Amino acid sequence: MEYSSKKIEKKWQEYWKKNNSFEPSEDFTKEKKYILSMFPFPSGRLHMGHVRNYSISDAFARYYRQQNFNVLHPIGFDSFGMPAENAAIKNDSHPKGWTYDNIEYMKNEFYSLGFSFSREREMATSDELYTKFEQAFIIDMYEKDLLYREKGLLNWCPHDQTVLANEQVIDGCCWRCNTPIVKKDMNQYYFRITKYADELLDSLKTLEGAWPKQVLTMQDNWIGKSNGLAFDLFFDESSKEKLNSNFESFDVFTTRPDTIYGVSYTALAPEHAIVTYMIENKLLSEDIITQIKAMKTTSSIQRQKEKLGVSLGLNVIHPLTKKSIPVWIANFVLMDYGSGAVMAVPAHDDRDYDFAKKYDLNIYAVIKAFNDVAEVGKAYTEVGELFNSGEFDGMNSKKSQYNIIKFFEENKIGKKTTNYKLKDWGVSRQRYWGAPIPFIHCEDCSLVMEKKENLPITLPQDAEFTGEGNPLDNHLTFKHCKCSKCGKDAIRETDTMDTFVQSSWYFLRFCASKENMQKEAFSQEQIKYWMGVDQYIGGIEHAVLHLLYARFFTKIFRDLGYLKFDEPFDNLLTQGMVLKDGAKMSKSKGNTVDPDAIIEKYGADTARLFILFAAPPTQELEWNDSGVEGSYKFIKRFFDRSSNIIASDTIPKIKHDELSKEEKFARKKVYEALVRANDVFREKHTFNTMIAGVMEAMNALNSQNNSDVWSEGYWILTSIMEPVIPHTASEISEKYFSLNNLNPQIVLQEVFVEDSVTLGVSINGKRRAEIEIASDASKDEIIRFAKEKAAKWLDNKEIVKEILVPKKLVNIVVKN
RNA sequence: GCGGAUGUGGUGAAAUUGGUAUACACGCCAGACUUAGGAUCUGGUGCCGCAAGGCGUGGAGGUUCAAGUCCUCUCAUCCGCACCA
């Protein structure tokens, strides 16, 4: 029978749907596997990255189902977000319609690829039910002070007309539209993620080995913990006078207390409160004010190009030497790190050095290299010996840090301090298509929460999408409401939540069964059973976004009593990108391959096979048309040669001893493929080698013509391949084995016992010959035979040593 | 600058973790069947060499009977962070 991907794939997709084949059981006594791929944004159509992502998770899900695990493999859509709203503005449509049309289309694409998702648990984060539960969590978090509202200097994307979290600013630009970010002073809601900084950092250790090193490092860097010394610098008398004594001092932070005697100036961020005060009170010349304003309004990329500064005409007193040191403003000092002020040590810090050179400031060296060789014309930033450092002279600079911090603490002039790069997570978005934040602004009661029984606060359908401002802010009946506390007229919060809030707990929502999903977000019992995710699969681009937020939410939820574990994802696999012509597939480059077209031409199984065969999942995958063709040919051959099978509901019993050499070899290859498949699914995840093993077994089967060997081979190989090419494998399995072979397979050790073995013969480690010898031959026999075969290399040589590596090789070491 | 990877045939990639380097596939070459082949099947294919043989895992050393694998140095490419005090 001719192989028809269309017919076979349609048949099995209907079969699986009709039989609810992939619904997990609620029998919590069974062993479970929770297999999850990061859910997609419903952008319109699937791309190859999606196909790769879900081909990997589907292989895992199907394998573990075969192994009799209770498998949860759900799918949903991360369906709030700006692209939907931008599309609505562009097409004069509604984000909701656009989103749900896309979801329908993409769901069909998913099922036409044969992915084994639980249909009952499909959901979209823009569903009102999802919003309802999320808003309830938000209220709980606010009550526990894990969420707060504050005015702050925020990242504003002029194109998307909204603020962004720090994680969402890439190289100073918006992560979605690449527009340069500007700073804007606004009110905003924040999650207290910094409260969890230490735990988020420390528990990375528990993920070692289970998560890619790279992701752990990226999170570590992002949290950016650094230890150092914080202390106050006091203004001298004339400076205090100038400031009308409104400021006595300011706080600085350093990780290099050992350089304290080298401080020759200090620098404030242009946004520092003292600077703002001086501008407001006209304590600076017009010229200087203009320069400061220029620094503040320059984009962060621009600001990095050149170090600029101005002197404030103020002085502070060095805490140890009591010398007077000038106060400057410098554009490289960041207001949102530490205290927005630094002590500058040009002799031992590159930035301070550059700045000092430019503005001709003093440079005091206090550390010298142990070998006394100092490079001229740059800062010495290495460890060395302290000098000109009072009582600390002669100490190792690294070790002196402890002593200097101790000195500051004992004299109560400073203290040991830890700083983090991580900032609280700002979640307000000034856009319509997001989950409304369930708060009300009341003139009398200030910020109050919505009552839980009024949830969900839903988006008004009749908002207008003009592209100007926030549609919710312009929607009168949404905006005007009654205070939930006093009942007076009040204003509803019109900011919506960052979509990363939804993706921070969707994996928990999937644990809810059809029975309880309407009335609660998830039950404790279900969470306890299904979590953590046994295998999570997704792109590395979420290393510090989604993956950090989801870890944070898990910890918050634990502290709110919703669940009882610390980390959500037990194992993480980050898939590589799909490339075409050496570049990432993208519409702008015009090098995309449409999954639908591949399914149409070759079928879903071919697409899945190629994707899993062409490279290991963690590596980049180069799309190659003739490679796809090759996968298609393999499937056809695999299907055609199944005609060699003798139909049976059980695996044939074969007397191994009575087989020919070729038949024995074929069986060995089949069982090798099986051993490898188990290893790949459980440990290595290198599906490419597993598939190669199946191909080798097929080649070996083809070199013999024993029907029982063929049948046994197919019994096992279709079982191995079902996770990869489920339609074709199911078709063969149904036709010949009544689907009885899609179960755990027993590895027969007898096929690995061989009468003879082939050994390489090396002389001085160089391969010179090969011998075939009975497996039970003694060491002496083997070596005698090896010497015979390699005689020409041993003439007139003195044999020093003979090494036998069983089943591998013989190495003879000779002299001369 | 800091951190993380990765370098193996013409190409995508293997190598049971120190034991016959290049499995499997693509491509290419030859043959068979064909009116035909962008179908199918069979065989060949690391490089140099007529051969014997030599050389080969980015490069240079080292450890070892034995190194793609371990150690030292070095080069190249990719990714992440980046004025974080």
Side-chain angles (χ1 to χ4, degrees), chain A residues 170-172 212-222 224-226 228-229 252-256 259 266-267 269 300 303-307 330-334 336-345 349-352 354-355 381 419-422 540-541 543-544 576-577 579 610 613-616 618-631 633-634 636-637 640 672 675-676 679 684 686 688-699 702 758-771 792 800-814:
Chain A
I170 314 290
D171 293 335
K213 226 188 223 159
Q214 202 192 161
V215 176
L216 299 177
T217 315
M218 283 167 79
Q219 293 214 354
D220 191 319
N221 291 342
W222 189 261
K225 181 175 181 172
S226 56
L229 170 71
V252 295
F253 171 73
T254 181
T255 54
R256 292 293 307 275
T259 63
T266 74
S300 62
R303 203 162 146 174
Q304 282 180 37
K305 284 191 179 152
E306 195 189 359
K307 289 191 172 44
N331 68 344
F332 68 87
V333 180
L334 307 174
D336 54 8
Y337 184 78
S339 57
V342 297
M343 64 175 221
V345 187
D349 182 283
D350 294 323
R351 296 156 301 180
D352 298 345
D354 292 346
F355 193 82
T381 56
N419 254 305
Y420 298 89
K421 219 181 83 175
L422 182 73
I540 188 108
E541 64 271 21
V544 288
M577 285 190 300
L579 310 180
F610 173 74
F613 179 57
T618 52
Q619 267 182 48
E620 290 178 340
L621 171 76
E622 174 73 30
W623 191 265
N624 178 302
D625 291 333
S626 42
V628 177
E629 192 79 36
S631 294
K633 284 181 193 169
F634 174 78
K636 256 172 53 174
R637 240 186 345 260
D640 292 343
E672 273 176 6
V675 169
R676 203 180 215 174
D679 188 36
K684 297 172 80 175
T686 49
N688 54 330
T689 62
M690 175 187 94
I691 294 163
V694 171
M695 288 173 171
E696 281 181 60
M698 276 298 290
N699 292 343
N702 206 42
T758 306
L759 303 180
V761 180
S762 297
I763 310 298
N764 288 349
K766 206 133 194 63
R767 188 170 180 274
R768 295 301 186 186
E770 192 178 277
I771 55 170
K792 66 181 281 200
V800 184
K801 203 170 181 181
E802 292 155 352
I803 293 146
L804 170 68
V805 183
K807 292 181 179 165
K808 301 275 184 191
L809 56 78
V810 178
N811 190 20
I812 297 169
V813 186
V814 298

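Below, chains carry the letters A, B, ... as their sequence lines are ordered, and counting in each starts from 1. Bear in mind the structure is a predicted one, so any value in this text is a computation, not a measurement. Basis for what follows: all heavy atoms, side chains included, without hydrogens, waters or symmetry-related copies.
One interatomic measurement links the two molecules: CE of M690(A) to C1' of A15(B), which rounds to 18 Å at whole-angstrom precision. Nucleotide C81(B) holds its P atom 11 Å from the CD1 atom of I540(A), rounded to whole Å. The separation between E672(A) atom CD and A15(B) atom P is 14 Å, rounded to whole Å. In this structure, E696(A) atom CD and U22(B) atom C1' are separated by 13 Å, rounded to whole Å. Here G80(B) presents its C1' atom at 5 Å from CE of M218(A), a figure rounded to the nearest Å. One atom, CG of L804(A), and another, C1' of A66(B), lie 14 Å apart when rounded to the nearest Å. Atom-to-atom, NZ of K808(A) to P of G19(B) comes out at 7 Å; the value is rounded to the nearest Å. As a whole-Å value, the separation of D354(A) CG from A85(B) P is 17 Å.
Among the protein residues, E620(A) comes within range of the sugar-phosphate backbone only, with heavy atoms under 4.0 Å from sugar or phosphate atoms but none that close to a base. Using a 4.0 Å heavy-atom distance criterion, V333(A) is classed as a base contact. Within 4.0 Å of Q619(A), counting heavy atoms only, lie sugar-phosphate atoms of the nucleic acid but no base atom. Across all strands, V342(A) comes closer than 4.0 Å to base atoms (heavy-atom distances). Within the 4.0 angstrom heavy-atom criterion, base atoms lie near K307(A). Across all strands shown, P212(A) has no heavy atoms under 4.0 Å from either base or sugar-phosphate atoms. When heavy atoms are screened at a 4.0 angstrom cut-off, F613(A) is found touching base atoms of the nucleic acid. Using a 4.0 Å heavy-atom criterion, one finds that Q304(A) contacts the bases of the nucleic acid, with or without backbone contacts as well. Looking at heavy-atom distances under 4.0 Å, K684(A) makes contact with sugar-phosphate atoms alone, never a base. Note on S762(A): nothing from the nucleic acid sits closer than 4.0 angstrom, heavy atoms only. No contact: D352(A) has no heavy atom under 4.0 Å from any strand.
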- Message: What does the 5'-to-3' dot-bracket notation of RNA chain B look like when only Watson-Crick and G-U wobble pairs under 3.5 Å count, and pairs to other strands show as |?
- Response: (((((((..(((......[....)))((((((.......))))))(((....)))..(((((..]....))))))))))))....
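Distance noted for atom C1' between G18(B) and C70(B): 8 Å (whole Å). Of the C1' atoms belonging to G53(B) and C65(B), the separation is 23 Å, rounded to the nearest Å. Here the separation of U57(B) from U11(B), taken at their P atoms, is 16 Å to the nearest Å. For the P atoms, the distance from A23(B) to G46(B) is 8 Å, rounded to whole Å. For the C1' atom pair drawn from A13(B) and C24(B), the interatomic distance equals 9 Å after rounding to whole Å. Spacing between A30(B) and G19(B) at atom P, rounded to whole Å, works out to 39 Å. Here the separation of A14(B) from G9(B), taken at their C1' atoms, is 13 Å to the nearest Å. Distance check on atom C1': G61(B) versus A51(B) gives 35 Å, rounded to whole Å.
Considering only side-chain N and O atoms, R768(A) lies under 4.0 angstrom from the phosphate OP1 or OP2 of G54(B). In this model, the phosphate group of A23(B) is not approached by any side-chain N or O of N688(A) to a distance below 4.0 Å at OP1 or OP2. Remark: K766(A) is not in phosphate contact with A66(B), judged by side-chain N or O atoms under 4.0 Å from OP1 or OP2. Within the structure, a side-chain polar atom (N or O) of K633(A) is placed less than 4.0 Å from OP1 or OP2 of A39(B).
Residue K421(A) places its side chain closer to A82(B) than to any other of A82(B), A85(B), A13(B). Distance from the side chain of T254(A) is smallest to A85(B) among C24(B), A85(B), G19(B). Here C41(B) is the nucleotide among G12(B), C41(B), A82(B) with the atom lying nearest to any side-chain atom of R637(A). Comparing C26(B), A85(B), A39(B) by their closest approach to the side chain of S626(A) singles out C26(B). The side chain of L809(A) lies closest to G19(B), out of A85(B), G19(B), A13(B). Of the candidates G80(B), G19(B), C24(B), the closest approach to any side-chain atom of M695(A) belongs to C24(B).
Proximity of V761(A) to R768(A): side-chain heavy atoms (C-beta onward) are nowhere separated by under 4.5 Å. Proximity of L809(A) to R767(A): side-chain heavy atoms (C-beta onward) are nowhere separated by under 4.5 Å. V544(A) is not listed as a side-chain neighbour of N221(A), based on a closest heavy-atom distance of 4.5 Å or more.
Contacts of D354(A) classified as side-chain hydrogen bond (donor to acceptor under 3.5 Å, both in side chains), with partners at least two apart in sequence or in another chain: none. The ring-ring contact (aromatic ring centres under 6.0 Å, His included) search around Y337(A) returns none, not counting sequence neighbours. The side-chain hydrogen bond (donor to acceptor under 3.5 Å, both in side chains) test applied to N624(A) returns S626(A), not counting sequence neighbours. Under the rule for a ring-ring contact (aromatic ring centres under 6.0 Å, His included), Y420(A) has no partner lying at least two apart in sequence or in another chain.
The 5' end of RNA chain B is approached more closely, in terms of each residue's nearest nucleotide, by R676(A) than by the other of K807(A) and R676(A). Looking at which nucleotide of RNA chain B each of N702(A) and G693(A) is closest to, the 5′-most match is held by G693(A).
G43(B) takes the anti form, because its glycosidic angle lies more than 90° either side of 0. Under the 90° criterion around 0 for the glycosidic angle, U42(B) counts as anti.
Geometric assessment of K307(A) against the ring of F332(A) yields a positive cation-pi assignment under the 6.0 Å and 45° thresholds.
Not one N or O on the side chain of D679(A) forms a donor-acceptor pair closer than 3.5 Å with the backbone of K684(A). In this structure, T254(A) contributes its side chain and R256(A) its backbone to a donor-acceptor pair below 3.5 Å. Judged by distance alone, the side chain of D349(A) and the main-chain N or O of A344(A) form no donor-acceptor pair under 3.5 Å.
Rounded to the nearest 0.5 angstrom, I691(A) CD1 and M698(A) CE are separated by 14.0 Å.
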- Heavy-atom contacts, protein to nucleotides 2-11 of chain B, under 4.0 Å, summarised as B (base), S (sugar-phosphate only) or - (none) per nt, yield -SSS------
- N419(A)/T255(A) under side chain to side chain contact (heavy atoms under 4.5 Å, CB included): CA gap, chis, key distance, verdict: CA-CA 9 Å; N419(A) 254 305; T255(A) 54; over 6 Å; no
